Structures are given as C-alpha cells and as structure tokens.
Amino acid sequence: MRDFYLMVDCNNFYASCERVFDPSLEGKPVVVLSNNDGCVIARSNEAKALGVVMGEPAYKREAFFSRSGVHVFSSNYALYGDMSARVMRILAGFSEEAEVYSIDECFLLLRGFSSASLLRTAKEIRRTVRQWTGIPVCVGIARTKTLAKIANRLAKKESGDGVRLLEDEEDIDRVLSGLETGDIWGIGRRSARRLGDCGVRTALELKGRDDDWVRRHLTVTGLRTVLELRQIPCIALEDAPPPARSLVCSRSFGTRIENLASLEEAVSAYVQRAGEKLRRKGLVAGAVQVFLETNRFQPGPQYAGSRCRALPAPTADTLALHGPALEILRDIHKPGYRYQKAGVILQDLSPATGRQLSFLEPHGEEKTRRDALMRVMDRINTVHGRGTLTLAASGLGKKEWHMRQERRSPSYTTSWAELPVVH
DNA sequence: TCTGGGGTCCTAGGACCC
DNA sequence: TCTGGGGTCCTAGGACCC
C-alpha cells in the first residue's frame, strides 16, 4: 500500500477529437496540421501505420495524403481545448490530487491503493472518459511520475487493455533495458546524444550510473530523473499551477512579409491577443518584448531581432502595451528581408490586484474608464467572436499576414453558429 | 509556394556588495 | 614572493516539455 502516480494520456488526441464529431473517420487515417497548416502534429494509428511522421512538413506529403485517402485537418484549438476541459473534469473526479500536465495529459496521485484496486480504477477511468466524451485514453501507473510516463508508453504499445502497472523491480529493469535514453521524460535529443558518446544508450544503463556522474553530465534535473527511474519520487505533483511568469502570442505569417506596415498590423493584433490572455488570467505585465524573424528553412539572408522594454508601470491595458510594442518593432525591423514570423512576449507578470501603484499610471477616473473600456472590449469579443472589436492599427483590409487554416473543422462545442446538426 | 505555438528551468559569467 | 572569501542579482543561452 503505497502512493502511486497515474499518467492518463489521450490517444492521438487531436485526431480523436476530429473523430468524435465525424464517426465516419473511424478506422481511417487522420492527420492534424499545426497552425498555418505547416507540419503534422497529430496522427491516428492508421496514419502512423502509413508512415506519416510527426513534425513532417505538410507540403511535402500533399500528394501522398490524397493518394492514400488520408483525412487532413487544420488545427482547431477551440475544439481541442474544450474537449480537453471535459476530459480533465472527469479525471478530477477520480482523485483530489490531479495535475493537468498538458492539453491531453493528466497525472493523478492515488494513495493507499492495492495493485488490484489500482488496475480496477484505471480501467474505470478509461471506460468513463470514453463513454462520456468519446475520447480513448491509456493509463500508466508507477511510483514516480517518470516511470508512470514510461508505463503509459507501454500501455499504448503493448496490445492489452490500455492500462499498465510498472512496480516490480525486475519488470522495471527489463523495460528500461529496452528503452533508449532519449525516450525518457526529461532527456532530450541533445542529452541523449551526449550520453551515447559516453557509452550510455539505454535507460537501464543510465539508471546504473552513480549520482555524481549523472549530476556532472545532466545537472540536477537529470539527477532527479535518474532517481525517479529508481522509484524514488523527486518530481512532485503540481496540483496548483505556479503563477505564470511570461505570456506569448506569436504566429507565422500566411505569406512572407517585407513591408513594415503589414508587420505593424500583425504585431498590433498579437498585442491585443496577449492583452486578452493577460486580463483573463487577472495579471499585469511589467515589460513587453517583440521579436521578428525570417524563415530559417529558406536559403537567402537571415535576420532575427528581439528587444524587451520595461513599461512605466505594470499594466494589462492593451492601449498601454500597444505603443511600446510598435516602437520596439520599428527599432528591430530591418528593411530588405522577407519575414516569416513575429511575436509579442509579456514579461514580469504579477497579479493585477494588491500591488503598489505608481504615479505614472492612470489612476482615479481615468483608470476606471480605461478598465471599463477593456472590459467592454473583452465582453463584446467573447459574445460576438474574437476580433469583433479591435484597434484600427491591426488593419481593416485584407490581412496578408493571417495564417492559413484551409481545412479547419467547425468549432462544434464553442460556437453557436457551428453547432453540429443532427438529421 | 509551403516547416507551429507556448512555456519552464538551469548554468555560467559579469557586475556589484561587504 | 605575495594578491580573500562569500554572497546576490541579472542576463544570455541552452535544454527540455507538450
């Protein structure tokens, strides 16, 4: 009777979401593309079997997709985000200690369960999520989060009931001996290659290295990972997410942009979106950063510029963020390049309430009016759709910088206009 | 023509302090 | 020949995650 981590991971999540609302896709190859229809970021099992690779540029595979009957979707984050929230709500019903780790993954901590009851609970989780949302999930169970991630891999790979418990030391070692270091949670490509140069190729070999050696080669984070392979919990459950430190809004452009005016429109739009996110979280930003870059995959001259500027006073007011952001853009912009991407990063975030005020920021009646303006904008954009009310600076005409989304499914669950119709 | 977006953490090195 | 020890803060860059 010990504490166990369950790693619940939705299978091929984005592809599964598309399938929930179009059951005719069941059994057929489905892929979902990144923003801008750039590269493949999700694949159904059938698409994997056809050899479609994660991260592959979509344009290289267009012909293959249509030849092989692959169903291709632009990513639809409104839909995936809403489906994710539904899944997470169900999972929270199985443990008070839950960490939503990503849009499609959740750790649950179960205390004082026997092996038999753990497996029973895990199967019930799968059944419930499937029945209530239509999303298939797999569950990995172990004494540490790192091993639970590995157990989840096994649950997906081994043909079985989608549940895998990794507890017995011999079983763990057998599994680790067949696992490359790069497949361990927390060991990336770079570290895996360096480890390989030292003759460490499998997770079992890494587990056997002494602590000092690991610390020297992988720093303290690597040591924590190795201890977790030895069933010593080092990475705690984060059931209350730490306050955000920064916030980003960035996009690749639909076409390459050369002229400053279009870049200004794009950055203007990103500032507005970043401001919305900031206010929704109840935060203010102390500094704003803007970056701009060319397409590093293309031949030709490359340039990347970035600069951060402290604001006179922390704010969540789009108008107060907008001016400095555009000034930075004009500073870092160099003519003659074909830009591919730009972004706005808000830094030094802090809670909007209960902070020291400054004489430099709006106060009294002016502040009340500005806050009210932001609230009205957010409200209108929530009710009538994002972008209903915007700064004129983000452009009134055709927006050449807009990302491509040529194959997006409807926002079935988050937009009245796009509700599915039942015949 | 066409290659995503949004985050966190750690370390090293410099500036500065007593 | 000899040139301390200990600390903080900041930033840039690297690595990792999904």
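Below, chains carry the letters A, B, ... as their sequence lines are ordered, and counting in each starts from 1. Nothing here was measured: the structure is a model prediction, and the numbers come from that model.
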Is the A:Phe65-A:His71 ring centre distance short of 6.0 angstrom? no

Between P of B:dG6 and CG of A:Leu349, the distance in whole Å: 14 Å

note: A:His217, atom NE2; C:dC16, atom P; distance rounded to Å ~ 14 Å

Under 6.0 Å from the ring centre and within 45 degrees of the ring axis: does the NZ or CZ of A:Arg67 meet both conditions for the six-membered ring of A:Phe64? no

On DNA chain B, compare the nucleotides closest to A:Cys39 and A:Thr219; which residue's is nearer the 5' end? A:Cys39

Report yes if a side-chain nitrogen or oxygen of A:Ser34 is closer than 4.0 Å to either non-bridging phosphate oxygen (OP1 or OP2) of B:dT3; otherwise report no. no

If you look at every strand shown and take non-hydrogen atoms under 4.0 Å, does A:Ile187 touch a base, only sugar-phosphate, or nothing? sugar-phosphate

Is there a side-chain polar atom (N or O) of A:Gln340 under 4.0 Å from OP1 or OP2 of B:dC2? no

OP1 or OP2 of B:dC10 under 4.0 Å from side-chain N/O of A:Arg224: yes

Any side-chain to backbone donor/acceptor pair from A:Glu205 onto A:Arg201? Under 3.5 Å, distance only. yes

Between C:dC18, B:dG6, B:dG4, spot the one nearest the side chain of A:Ser102, thanks. C:dC18

What contact category does A:Glu62 fall into here, base, sugar-phosphate, or nothing, at under 4.0 angstrom with non-hydrogen atoms? nothing

A:Arg230 bridged to A:Asp211 by N-O distance under 4.0 Å: yes

Rounded to the nearest Å, what distance is computed from the CZ atom of residue A:Arg194 to the P atom of nucleotide B:dT11? 12 Å

What's the closest nucleotide to the A:Arg251 side chain, out of C:dC18, B:dG6, B:dG4? B:dG6

Nearest to the A:Ser191 side chain among B:dG6, C:dC17, C:dC16, which nucleotide is it? C:dC16

So does A:Lys341 get a side-chain nitrogen or oxygen closer than 4.0 Å to the phosphate oxygens (OP1/OP2) of B:dT3? no

What I'd like to find out is whether the side chain of A:Arg164 reaches to under 4.5 Å of the side chain of A:Leu166, using heavy atoms alone. yes

Side-chain N,O (A:Ser252) to OP1/OP2 (B:dG5) below 4.0 Å: yes

Of B:dT3, B:dG6, C:dA15, the nucleotide closest to the side chain of A:Ser250 is B:dG6

From the set C:dC17, B:dT3, C:dA15, return the single nucleotide nearest to any side-chain atom of A:Phe297. B:dT3

Protein-nucleotide distance (A:Lys145, atom NZ; C:dC18, atom P), rounded to Å: 12 Å

B:dT8 phosphate, OP1 or OP2: any side-chain N/O from A:Ser246 under 4.0 angstrom? yes

Please determine if a side-chain N or O atom of A:Arg256 lies less than 4.0 Å away from the OP1 or OP2 oxygen of B:dT3. yes

Does A:Leu33 reach a base, just sugar-phosphate, or nothing at all? Heavy atoms under 4.0 Å. nothing

Does the pair A:Asp197 and A:Arg193 meet the rule for a salt bridge (Lys or Arg N to Asp or Glu O under 4.0 Å), with working shown? CA-CA 6 Å; A:Asp197 293 343; A:Arg193 210 177 50 219; 5.4 Å; no

Let me know, please, whether A:Glu56 or A:Arg245 comes out on the 5' side of the other along DNA chain B by nearest nucleotide. A:Glu56

Encoded 5' to 3' (Watson-Crick or G-U under 3.5 Å; [ ] crossing; | other strand), DNA chain B becomes ....||||||||||||||

Respond yes when some side-chain nitrogen or oxygen of A:Lys277 is under 4.0 Å from OP1 or OP2 of B:dG6, and no when none is. yes

Is the A:Phe107-A:Trp185 ring centre distance short of 6.0 angstrom? yes

With a 4.0 Å limit, can you tell me whether A:Ser75 has a side-chain N or O closer than that to the phosphate oxygens OP1/OP2 of B:dG4? no

Nearest to the side chain of A:Tyr101 - C:dC17, B:dT3, B:dG6? C:dC17

To the nearest Å, give me how far apart CZ (A:Arg309) and P (C:dT11) are. 16 Å

Main-chain N/O of A:Cys39 paired to A:Ser34 side chain as donor or acceptor, under 3.5 Å: yes

Check whether any side-chain N or O of A:Asn295 sits under 4.0 Å from OP1 or OP2 of B:dT3, and answer yes or no. yes

Shortest side-chain distance from A:Thr221, nucleotide among C:dC18, B:dT3, B:dC10: B:dC10

Is the centre of the A:Tyr270 ring less than 6.0 Å from the centre of the A:Phe291 ring? no

Expressed as a whole number of angstroms, how long is the span from A:Phe253:CZ to B:dT1:C1'? 17 Å

